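For clarity, every value in this text was computed on a predicted model and none was experimentally measured. Note that the numbering runs from 1 along the sequence shown for the chain. Values below: all heavy atoms of this structure, side chains included; hydrogens, waters and symmetry mates excluded.
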Amino acid sequence: MTMPYYGELQAALGAAASGSTAAEAHGTLCGLLCAAAEDVPEAWIHNTLADVEGYSLGGAGDARALLETLHQSTLAALEGDQMGFELLLPDDDTGLDDRAAALAAWCNAFLYGLAMRGLRPMEELPDELREILADFSEIGRAGVAEEEAEEVGESAYAELVEYVRVGVQIVFDECRAPRQPEPAAGLH
């Protein structure tokens with residue numbers, strides 16, 4: 001199943017083409033999936049549509065269908081063994097500033113999705129996951145420095161997108177893996 005295009009979802013959500021509504025929706029979805037939220041996709045779709053300013057839930061057919069497709073394709077990619085998971089971000093023909101802002105919004109929304117479903121406390125997470133989540137928090141505050149050369153900025157952006165893509169897969173695999181039961185105290 002193919003993921004919808006960023007611009008297509010932005011338009012269906014009634015958002016400006018340069019905005020990050022679609023990135024936020026996908027980031028939240030991925031956080032919820034990693035946290036094994038049981039009410040995905042219905043609650044996520046409802047909340048996504050309700051959060052769009054001036055958007056009528058009654059006229060949400062196209063957006064709802066795209067969000068359902070996004071959920072199905074994202075879950076299939078995360079559960080697959082082909083490392084086919086991709087972030088829903090603006091195309092490369094979009095300005096670097098807008099793409100960086102969308103990536104930052106995506107990371108913030110991912111962390112929000114994890115937090116909404118009560119991911120284990122940070123101190124209980126493996127070191128690798130704590131580092132990934134801390135990095136996502138930093139990326140969520142990132143921007144593009146005006147003095148950066150376009151080529152350097154493009155390269156850094158591509159590296160960040162790849163890091164986040166792989167990081168999400170690691171978080172998903174770790175959080176969704178069956179946990180081994182703790183041995184009962186006093187039993188030998």
Inset, instruction - For residues Cys107 and Ile139, report the shortest heavy-atom separation together with the two atoms involved. - result: SG-CG2, 3.6 Å
Legend entry - N/O donor-acceptor pair under 3.5 Å between Asn108 side chain and Gly140 backbone: yes
Legend entry - Side chain to side chain, Pro41 and Glu68, heavy atoms closer than 4.5 Å: no
Inset, instruction - Can you measure from CD1 (Ile170) to CG (Asp173) and round to the nearest 0.5 angstrom? - result: 8.0 Å
Inset, instruction - Determine yes or no for a side-chain-to-main-chain donor-acceptor pair under 3.5 angstrom, with Trp44 supplying the side chain and His71 the backbone. - result: no
Inset, instruction - Over all heavy atoms of both residues, which pair between Val168 and Cys30 is shortest? Give the atoms and the distance, please. - result: CG1-CB, 4.5 Å
Legend entry - Nearest atoms (heavy-atom pairs only) where Pro4 meets Thr69: CD-CG2, 4.1 Å
Inset, instruction - State yes or no: do Leu103 and Val166 share one hydrophobic cluster built from I, L, V, M, F, W and Y residues joined by side-chain heavy-atom distances below 4.5 Å, directly or via other members? - result: yes
Legend entry - Side-chain donor/acceptor of Asn47 to backbone N/O of Ala43, under 3.5 Å: yes
Legend entry - Leu29 CG to Cys34 SG distance, which is reported to the nearest 0.5 Å: 9.5 Å
Legend entry - Approximate separation, where rounding is to 0.5 Å, of Leu160 CG and Arg165 CZ: 14.0 Å
Legend entry - Distance (rounded to the nearest 0.5 Å) between Leu67 CG and His46 NE2: 12.5 Å
Inset, instruction - Among Leu75, Ile45, Leu32, find the residue that satisfies the side chain to side chain contact (heavy atoms under 4.5 Å, CB included) test when tested with Val40. - result: Leu32
Inset, instruction - Would you check if Thr48 and Thr21 make a side-chain contact, meaning some heavy-atom pair closer than 4.5 Å? - result: no
Inset, instruction - Given side chain to side chain donor-acceptor pair (under 3.5 Å), test Tyr163 with Asp135 step by step and report yes or no. - result: CA-CA 9 Å; Tyr163 177 79; Asp135 290 344; 2.4 Å; yes
Legend entry - Full working for side chain to side chain contact (heavy atoms under 4.5 Å, CB included) between Thr74 and Phe172: CA-CA 11 Å; Thr74 299; Phe172 181 83; over 6 Å; no
Inset, instruction - For Arg130 and Leu125, indicate whether the former's side chain and the latter's backbone hold a donor-acceptor pair under 3.5 Å. - result: yes
Legend entry - Closest contact, heavy atoms only, Ser20 versus Ala105: OG-CB, 3.5 Å
Inset, instruction - Walk me through it: do Asp92 and Arg99 pass the test salt bridge (charged side-chain N to carboxylate O under 4.0 Å, His left out)? - result: CA-CA 8 Å; Asp92 288 343; Arg99 285 183 287 141; 3.6 Å; yes
Legend entry - Taking every non-hydrogen atom, the tightest pair across Gln10 and Ala22: OE1-N, 2.6 Å
Legend entry - Contact check, side chains of Leu33 and Phe110, non-hydrogen atoms, under 4.5 Å: no
Legend entry - Value rounded to 0.5 Å, distance of CD1 in Ile132 from CD in Gln169: 11.0 Å
Inset, instruction - Hey, could you give me the OG/CG distance between Ser73 and Leu66, rounded to the nearest 0.5 Å? - result: 10.0 Å
Inset, instruction - Mind listing the closest non-hydrogen atom pair of Leu88 and Trp106 along with its distance? - result: O-CD1, 3.8 Å
Legend entry - Phe85 and His26 aromatic ring geometry - parallel, tilted or perpendicular at 30°/60° bounds: parallel
